[in-house]
Amino acid sequence: MSEIFDHKKIEEKWQEKWREEKKYNIDLSDSENKLYALVMFSYPSGDKLHIGHWYNYGPSDTWARFKKMQGFKVFEPMGFDAFGLPAENYAIKHGIHPAVSTRNNIEYMTTQLRRIGAMYDWDKYLNTSDPEYYKWTQWLFLKLFEMGLAHREKAPVNWCPSCLTVLANEQVREGKCERCGTDVERKELSQWFFKITKYSDRLLEGLDKINWPKSTKMMQRNWIGRSEGTTLFFEVAGQDETIEIFTTRVDTIYGATFIVIAPEHHILNHVTTDDKSKEVTEYIESVQNRSEIERITTDREKTGVFTGAYAVNPITKEKIPIWTSDFVLTGYGSGAIFGTPGHDQRDWEFATKFNLPIIQVIEPYNKEEVDLTKSVCSGEGILINSESYNGLDYKEGIVKITEELESQGKGHQSVNYRLRDWLISRQRYWGAPIPIIYCDSCGTVPVPEEDLPVILPEDIDLEKNIGSENSPLAESDSFLNVDCPKCGLKGRREVDTMDTFVDSSWYFLRYTNPHYSEGAWDSELVNKWLPVDQYIGGQDHATMHLLYARFICMALYDKKLLNFEEPFTNLFHQGIITKDGVKMSKSKDNVVSPDPFIENYGSDTFRMYLMFMGPYDEGGDWNDSGILGIHRFLNRAWRLCRGETDININDNSNKNLTSVMHRTIKEVTNDIQDMRFNTAISRIMEYVNEMYKAEAVNKDLLEKLILLLAPFAPHLSEELWEQFGHKGSLFDHRWPEWDDEIAKSETITVAVQILGKLRGTFEIKSGESDDVLVDSALELPNIKKHMEGKTLLKSIVIKDKLVNFLIK
RNA sequence: GCCGGGGUGGCGAAACUGGUAGACGCAAGGGACUUAAAAUCCCUCGGUCGUUUAGACCAUGCGGGUUCGAGUCCCGCCCCCGGCACCA
């Protein structure tokens with residue numbers, strides 16, 4: 001009899017068995033007690049499965065198995081987010097067509113995924129690059145188009161010169177491409193957008209209804225960036241033009257000494273006077289040459305030029321100069337501001353640089369003397385130098401001045417958002433083609449539903465296209481040229497593909513029936529099985545995938561295609577596993593492969609070690625030094641259950657161990673429920689240690705151990721369960737329950753303090769009265785010693801816990 | 001700059017609504033078994049003082065405070081991680 005369990009044999013045996021019996025392929029027609037447990041699907045870019053994947057998939061499967069044992073009908077699907085740039089780049093690099101390389105990678109990753117031993121329902125597997133799937137991504141586009149939520153527009157967009165495509169706002173981080181880190185450029189291009197801004201308020205409100213991490217909700221709130229304020233109009237003196245301005249501080253209008261409009265503002269050329277036109281043109285050019293990253297740097301000195309024109313303050317009727325400067329952004333508000341240099345840091349810097357007047361119109365609450373030549377006075381206070389509004393609190397000022405503007409038709413209350421529409425066009429090959437045809441007489445024509453999918457052509461030489469800013473699809477004549485579905489005349493296809501985030505914004509719907517051909521999904525199934533009950537994935541998608549998916553569901557709900565608005569009821573983010581303090585990545589060459597660990601210790605040990613390392617939402621730095629400890633522990637449990645230790649297995653009951661068992665069940669249950677896997681494992685270890693101290697244990701104690709271990713080490717547990725003579729899978733057996741009465745330990749340790757300092761402890765039966773506790777405490781020699789010559793003033797007693805004596 | 005989350009032994013970490021700080025594990029040291037090693041089992045393990053014991057003092061990033069009692073609550077700082085950032 002071998003002392004060490006043969007992980008390879010056991011894991012292969014059970015994986016094979018689960019697979020053969022289609023153990024976790026479930027019939028969704030019955031949704032009673034349903035639980036949809038979802039993890040973010042994987043991205044086959046050529047990398048193998050790394051520790052990060054395991055950290056996402058292992059613990060989430062533990063949670064799902066626990067739920068299954070609690071009697072839920074758990075649906076745990078897995079698939080591939082197979083379109084996208086990394087896959088395309090990988091394919092180009094290796095000279096293989098992305099369809100082929102993707103297929104190979106998926107095949108390899110599937111084998112790796114199976115080794116985790118998760119309950120994936122492989123019948124529901126999907127692949128977003130499969131025409132069977134992207135047909136319906138295109139269909140989704142058409143639905144949004146019908147609803148007026150997809151539109152093409154010429155707008156300044158983010159261009160990544162390295163990825164050779166435009167990017168959505170969400171994919172630009174600190175002026176750099178989210179994928180490759182290259183500085184993005186601004187380009188004026190006609191692109192397709194999804195009107196996510198129409199849902200700004202609902203996306204905000206919905207956050208109150210879902211159980212998501214606080215920080216993620218906060219990130220989405222900040223990203224949407226709702227701000228309430230006033231829109232007002234300045235007339236341009238002597239011209240038939242008005243400038244629209246959004247402000248949150250209209251109370252400072254008496255301190256406005258200039259106007260600044262963004263260099264890209266459409267009105268700029270109209271208002272600029274002839275004598276200033278050269279300067280303004282030069283300025284615009286200099287701004288265009290500035291990189292986006294340089295432009296958003298806040299500590300850069302302000303630049304700008306005077307346009308020669310003046311605007312009329314709608315409240316004071318004063319004329320103030322109109323300037324242009326790149327610190328005012330085109331993308332936010334109306335791209336124009338009025339400058340109140342006394343009370344805004346940026347305006348103050350601008351006015352100081354260009355010698356514009358600075359007026360104080362807000363007095364701080366503390367009436368402090370302010371010197372506006374030296375620094376700005378931002379913040380709250382009382383209105384001064386504002387004629388009839390003097391003395392008002394700034395908040396009242398906002399209301400009153402907005403009212404006056406409104407009565408004159410010069411302004412109104414308004415709400416502004418930071419959120420921009422979702423730019424979905426990509427000038428790349430490996431994605432779902434946008435199903436649109438351009439016709440000279442009919443204009444923009446959607447591809448009729450019955451003509452879907454618009455198949456991605458294969459006759460394209462991707463290598464030839466390297467470095468070109470045009471979409472690869474434009475190279476294919478057979479793809480490009482098409483008859484207009486409306487008039488039959490010659491038309492051209494849209495050559496851009498869709499952002500892969502479109503693919504992933506609805507995959508969780510398709511999982512319920514990935515081969516359904518009547519529609520994108522079977523409504524009956526989807527409305528029964530969704531929303532997703534528990535979603536687990538990285539927080540890096542907080543303002544991308546997680547926002548887009550919510551938006552898409554809301555739109556589909558409005559189109560009456562779904563009966564729910566929020567796709568993910570509960571969300572949990574696993575932490576990040578770093579290596580030497582930095583995120584693992586191929587480019588840094590610090591990716592740790594899980595494969596050797598699986599080889600040496602097995603999947604049960606490995607996934608359990610990942611959970612034991614620390615809190616699941618915190619991740620941590622990778623260090624394999626403790627993995628042996630988990631392996632040892634599993635061996636200990638294995639030997640104990642198989643009677644390979646000095647501890648006898650008999651039928652006698654053991655009061656103390658039974659109590660420990662109930663306590664363990666209680667704590668482990670609560671810990672797994674809240675994803676506190678590390679402490680759950682500690683509790684099981686304590687339970688095993690406790691049994692090792694005994695001379696004999698009974699079968700029930702051991703069976704409960706196997707059940708508790710099952711979600712963590714599913715293969716080993718199944719094997720032991722079978723060896724205990726049970727027919728059928730352990731995972732069809734119910735999770736153990738506990739009895740609070742039995743779980744209570746008989747004796748407890750009471751801490752005795754004097755003036756809050758620990759001076760001793762004693763053991764006593766639980767539930768004793770305060771008097772008994774005090775008397776027992778006073779018996780302790782060390783307490784007697786400390787009490788000598790002192791008077792006892794008060795005894796503080798915390799039942800079953802502590803006695804504290806106050807003495808003098 | 002603003003918004004989150006953190007900072008506890010040599011290391012990963014525990015500590016429920018304020019109540020014995022360091023559970024559980026790693027590493028380390030000692031012992032048992034063994035011809036030997038591995039494996040296994042048992043013991044010790046925050047620091048200083050105390051020969052040992054008993055015990056005392058110090059200790060949860062730093063400085064204050066509230067409390068009988070603070071890792072936990074309050075005020076002020078420092079550092080690390082993540083997000084946002086000229087957003088009007």
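By convention in this document, chain letters (A, B, ...) are assigned in the order of the sequence lines, proteins followed by strands, and residues within each chain are numbered from 1.
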So what does A:D540 hit on the nucleic acid, given a heavy-atom distance under 4.0 Å: a base, only sugar-phosphate, or nothing?
nothing

Does a side-chain N or O from A:R636 land closer than 4.0 Å to OP1 or OP2 of B:rC41, or not?
yes

Any side-chain N or O of A:R639 under 4.0 Å from OP1/OP2 of B:rU40?
no

Establish, with yes or no, whether the OP1 or OP2 oxygen of B:rA56 is under 4.0 angstrom from a side-chain nitrogen or oxygen of A:N782.
yes

With under 30° as parallel and over 60° as perpendicular, where do the rings of A:Y601 and A:F597 fit, or are they tilted in between?
parallel

When you get a sec, tell me which of B:rU20, B:rG19, B:rG12 is the closest nucleotide to the side chain of A:K801?
B:rG19

Does B:rG22 have a Watson-Crick or wobble partner in any strand here, with both distances under 3.5 angstrom, and which is it?
none

Is any side-chain nitrogen or oxygen of A:N678 closer than 4.0 Å to OP1 or OP2 of B:rA14?
yes

Syn or anti for B:rG9, with syn set at within 90° of 0?
syn

The criterion is salt bridge (charged side-chain N to carboxylate O under 4.0 Å, His left out); which residues satisfy it with A:R676, sequence neighbours excluded?
A:D671, A:D674

What does A:E686 touch in the nucleic acid at a heavy-atom separation under 4.0 angstrom: a base, only the sugar-phosphate, or nothing?
sugar-phosphate

Does A:K214 place a side-chain N or O at less than 4.0 Å from the phosphate oxygens OP1/OP2 of B:rG5?
yes

Base, sugar-phosphate, or nothing: which does A:G629 touch, judged by heavy atoms less than 4.0 Å apart?
sugar-phosphate

Interatomic distance, CG@A:L705 vs SG@A:C641, rounded to 0.5 Å, equals 5.0 Å

Which base, if any, makes a Watson-Crick or G-U wobble pair with B:rA37, both distances under 3.5 Å?
none

B:rG4 pairs with, by Watson-Crick or G-U criteria that keep both distances under 3.5 Å:
B:rC81

So which nucleotide does B:rU44 pair with, by the Watson-Crick or G-U wobble rule with both distances under 3.5 Å?
B:rA28

Find the partner of B:rU17: check Watson-Crick (N1-N3 plus N6-O4 or O6-N4) and G-U wobble (N1-O2, O6-N3) distances, both under 3.5 Å, and reply none if neither fits.
none

So is A:K410 actually on top of A:F233's ring, under 6.0 Å and inside 45° of the axis?
no

Rounded to whole Å, CZ of A:R221 lies from P of B:rG4 at a distance of 12 Å

When you measure from the side-chain N and O atoms of A:R632 to the phosphate of B:rA27, is any distance below 4.0 Å, counting only OP1 and OP2?
yes

Base, sugar-phosphate, or nothing for A:K757, non-hydrogen atoms under 4.0 angstrom?
sugar-phosphate

Rounded P spacing from B:rU8 to B:rC57 in Å:
26 Å

With the side chain defined as heavy atoms from C-beta on, A:I796 is closest, among B:rA88, B:rG19, B:rA85, to B:rG19

Measuring to OP1 and OP2 of B:rG55, would you say a side-chain N or O of A:H786 lies under 4.0 angstrom away?
no

Contact class for A:S325 vs. all strands (heavy atom < 4.0 Å): base, sugar-phosphate, or nothing?
nothing

Cationic tip of A:R607 above A:F712 ring, under 6.0 Å, 45° of axis:
no

Counting the atoms with a prime plus P, OP1 and OP2 as sugar-phosphate, which does A:P781 contact under 4.0 Å by heavy atoms, base, sugar-phosphate, or nothing?
nothing

Across the strands shown, which category fits A:H343 at heavy-atom distances under 4.0 angstrom: base, sugar-phosphate, nothing?
nothing

Interatomic distance at P, B:rG69 relative to B:rG30, whole Å
44 Å

Is it true that A:F350 and A:W323 have ring centroids separated by less than 6.0 Å?
yes

Is there a side-chain contact between A:F677 and A:P615 (heavy atoms, below 4.5 Å)?
no

Categorize A:R676 for me: base, sugar-phosphate, or nothing, with a 4.0 angstrom heavy-atom threshold over every strand shown.
nothing

Regarding A:R550 and the six-membered ring of A:W212, is the cationic atom NZ or CZ under 6.0 Å from the ring centre and inside 45° of its axis?
yes

Ignoring backbone atoms, test whether A:R173 places a side-chain nitrogen or oxygen under 4.0 Å from the OP1 or OP2 oxygen of B:rG82.
no

For nucleotides B:rC81 and B:rG29, find the distance between their P atoms and express it as a whole number of Å.
34 Å

For A:V328, which contact category applies under a 4.0 Å heavy-atom criterion: base, sugar-phosphate, or nothing?
base

NA contact type, A:L806, heavy-atom cut-off 4.0 Å: base, sugar-phosphate, or nothing?
sugar-phosphate

Among B:rC42, B:rC24, B:rU20, find the nucleotide with the atom closest to the side chain of A:M685.
B:rC24

Choose from B:rG12, B:rC86, B:rG4 the nucleotide whose nearest atom is closest to any side-chain atom of A:S215.
B:rG4

RNA chain B: 5'-proximal contact among A:T749 and A:I627 (nearest heavy atom):
A:T749

Below the 4.0 Å mark, does B:rG25 have OP1 or OP2 next to a side-chain nitrogen or oxygen of A:N689?
yes

Students often get this wrong, so: under 4.0 angstrom with heavy atoms, is A:T761 touching a base, only sugar-phosphate, or nothing?
base

Please classify the nucleic acid contact of A:D344 as base, sugar-phosphate, or nothing, using heavy-atom distances under 4.0 Å.
nothing

Considering only the P atoms, how many Å lie between B:rG55 and B:rC3, rounded to the nearest integer?
49 Å

